[in-house]
Every structure is written in structure tokens, then in C-alpha cells.
**Student:** 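Here it is: the structure, laid out below.
This is a predicted model, so every value here is computed, not measured. Start at 1 and go down the list; that is how both ligands and their atoms are numbered.
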Amino acid sequence: WRALTRPLPTPEGDGTLALLVLRDETDVRRMELMRVDFLANASHELKTPLASLTGFIETLKGHARDDPKARDRFLDIMAVQADRMSRLVSDLLSLSRIELNEHIPPAGRVDLSRAAIDVVDAVSVLSAERGVAIRFDTRDLSAPVHGDRDEIVQVVQNLVDNAIKYSAAGDTVDICIKPDVPLEEASAPWSGGAREGGMTRLPLVTPDREPGLRYAAVTVRDHGPGMARENLPRLTERFYRVEGQKSGERSGTGLGLAIVKHIVNRHRGGLTVESAPGQGSVFTAYFPVAQARAAQAEL
Ligand code: ADP
């Protein structure tokens, strides 16, 4: 709390009144602390690859200068670090752009299946390199939703990227579209984190409870390491990573699911996770269905 006192003249002008204003600044302070924390985390994440690049530049200027083998190896490592920095910067920019617009509802209409097909096409080289197969049996279902095309593609992309990243060679990632699911499926039954077949299912973003609103859902399922129940509520925090997980050379930025959360929020949609150690993970994003007639005109 902060108390502000102001002396005020009385209407008769024969003395002063004191006005005491008490302002609850808990939220303001919390936001300030979050911002400082975020900047500290972001700087730390950027400093690590930067320190590595500086170190290798020094080595290349020094004893590695005349050793072509070492030079090539160091240049490869530097390329990985530079790639990491550029992914971090682009995720940071995405996050701040989305946060800036979060209060403005998106205007367009998007076919969720079309967005998922575009993502599958875009990741086909990466998934083939990793030996991970992608199965998408519902690709022919039309699922028009209210939303921003690029942002919805980014949601599916981040979920599919994670599913591939945490899969082993030989695994399959499943994508499934449901064009019309009721609100209850998108939120209520497992709000306390119910267990279904050994997996814990938890809503990460709960959709608006607007009567009559229908949802289309995209589900991404992997057969990777899965996650313990206590890790699930923190997944959409910026820079949060589950400890002890291997994600290969292309390690993540820790921002992917934070970006997903903000986009889903802006779309007044929902997001759930279902997982258990050793049983893989299932992420589902829900978006409000676009009206059939209007959707056909614009799709
Ligand atoms: P990152 O870029 O590190 O993947 P995300 O925000 O996308 O960041 O995810 C946060 C953390 O959640 C990851 O670091 C990982 O520990 C865990 N995670 C996300 N998706 C999966 C998944 N499909 N399987 C296992 N763990 C996952």
C-alpha cells in the first residue's frame, strides 16, 4: 500500500483539510518485478551463446588460426551458437509483439486444418532428418476458426516443433483436428488436474465461458519422455524448462509455450496438456469456431 496525503484548503478558506489516498500497489509492484526478472533472464540467455562466440573468436585469432581442422570445428560450433541467438531474438520479438496486441481480438478467419498442413509441410525436412514420422489423418476435415493466420500457424508450429524435438528416432507424432468440440471439453472437467489412463490432464489456458461459443481443436501427441505432474502448471512460464530433459543440438529457447499461451489468450481460446513420465505428451489448442456462412465467403 502507498499512502498519499494532500493538504486541501477548506471551502471557507479558514484552515486546511487533509486528503488521505490509499493505493494498493501490489499488482504494479508484481508487474515491475516480473519485468525486471524477465529482462534478467533474457540477458542471461543471450549472454551464454555470446560468451561462447567471443571465446571462439579469440581462439581462432590465436592458436587455432593455422589449424584448418580445429578452425572448421570451431566455425561449426559458432554457427550453432549464432543460430541459437537468432532464435532467441526472434522469439523475444514475437512475444513482445503478441503481448502488445493481446487486448485486440484478431479479425480474420482461418482453416485450422490448412494451418496444420502448412506446418507439416514446413517441418517435413526436420522430421525426416530426425527419423520422426508425422501422422495427420484428419487433414481433410475443414475447421474454420476466428483468428490471425500467422499466429495460429505459430501455435501449431511451436507444438509440433516440441513434439519432434522431444521424440526419439523411429517415433511418430500424431496431429488431430476436431472441428467442433463443446466448451466442457476445452475447460471444465479436469480443472483440478484429473488423471486419465495414468496421464495428468491440465488446462494451461481456460477459454472464455461465453454461452453458445463452439471450439475447433488441434491436438499434437508425441511418444517422447513425457513430464511429471508437478512440471505441468509451469510450462507456459517464460524460460521455464523441465530439468534433465535432452532436446538434442537444437535446444529450445524456453519461450515457445509462453508464445502459445499469449496467442491462445488473444484468440479467447484454450490450451491443455496431458502427460506422464514415460508416456509422452499431448497438447491441445482450442479456437472459437467461425460462423459457417461468413467463413465460406472469406476462406
Ligand atoms: P523450449 O523452447 O525449451 O522447448 P517451450 O516453452 O516450448 O520451450 O517448452 C518449455 C519446456 O517444456 C521445454 O523446455 C521442455 O522441458 C518441456 N516440454 C515442452 N513440450 C514438451 C514435449 N512435447 N515433451 C516433453 N517436454 C516438453
Side-chain angles (χ1 to χ4, degrees), residues 34 37-38 41-42 44-46 48-49 80-81 83-96 98-99 116 119-120 122-123 126-127 130-136 151-176 193 198-205 218-265 271-285:
M34 273 171 63
D37 205 37
F38 173 63
N41 275 327
H44 175 77
E45 295 284 337
L46 282 167
T48 313
V80 170
Q81 298 299 339
D83 175 55
R84 176 163 176 70
M85 283 187 76
S86 100
R87 277 186 292 125
L88 254 168
V89 170
S90 94
D91 276 359
L92 285 169
L93 286 174
S94 286
L95 202 56
S96 62
I98 295 155
E99 268 190 302
V119 170
V120 172
V123 299
L126 176 72
S127 57
R130 292 275 182 118
V132 176
I134 298 196
R135 191 162 53 202
F136 184 13
E151 290 189 2
I152 288 185
V153 166
Q154 196 169 6
V155 165
V156 183
Q157 176 89 47
N158 286 4
L159 298 181
V160 171
D161 271 349
N162 277 351
I164 296 173
K165 196 158 59 187
Y166 298 104
S167 289
D171 281 352
T172 301
V173 167
D174 283 292
I175 300 176
C176 178
M199 307 256 271
T200 301
R201 200 170 195 188
L202 202 77
L204 297 172
V205 177
V218 53
T219 297
V220 180
R221 176 188 301 267
D222 66 60
H223 299 88
M227 289 165 281
R229 190 196 149 92
E230 64 266 24
N231 297 125
L232 304 182
R234 298 192 59 194
L235 288 179
T236 54
E237 282 176 24
R238 295 153 180 199
F239 300 116
Y240 178 77
R241 296 178 181 101
V242 177
E243 257 175 56
Q245 257 182 9
K246 289 200 193 89
S247 58
E249 192 181 75
R250 244 179 91 88
S251 65
T253 60
L255 293 173
L257 290 175
I259 292 173
V260 167
K261 173 183 140 177
H262 284 285
I263 295 178
V264 167
N265 257 336
L271 177 70
T272 64
V273 60
E274 211 179 323
S275 196
Q279 296 198 44
S281 307
V282 185
F283 285 87
T284 304

**Student:** State plainly whether the residues R87 and D91 are in salt-bridge range, i.e. N to O under 4.0 Å.
**Tutor:** no
**Student:** Taking only residues two or more places apart in sequence, or in another chain, which ones meet D174 in a salt bridge (Lys or Arg N to Asp or Glu O under 4.0 Å)?
**Tutor:** R135
**Student:** Kindly give the heavy-atom pair with the smallest separation between A116 and I175, and that separation in Å.
**Tutor:**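 Shortest heavy-atom contact: CB-CG2, 4.4 Å.
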**Student:** Going by side chain to side chain contact (heavy atoms under 4.5 Å, CB included), name the residues that satisfy it together with N158, two or more places apart in sequence or in a different chain.
**Tutor:** Q154, I259, V260
**Student:** Around ligand 1, what residues show up once you keep those with a heavy atom under 4.0 Å from it?
**Tutor:**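 N162, K165, Y166, D222, M227, L235, Y240, R241, V242, Q245, G252, T253, G254, L255, G256, L257, S281, F283.
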**Student:** V264 and side chain to side chain contact (heavy atoms under 4.5 Å, CB included): which single residue from I152, T236, V205 fits?
**Tutor:**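 With V264 as partner, side chain to side chain contact (heavy atoms under 4.5 Å, CB included) holds for just one option, V205.
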**Student:** Please identify each residue that fulfils side chain to side chain contact (heavy atoms under 4.5 Å, CB included) with V282, with sequence neighbours left out.
**Tutor:**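 By the side chain to side chain contact (heavy atoms under 4.5 Å, CB included) rule, V282 matches M199, T219, R221, E274, T284.
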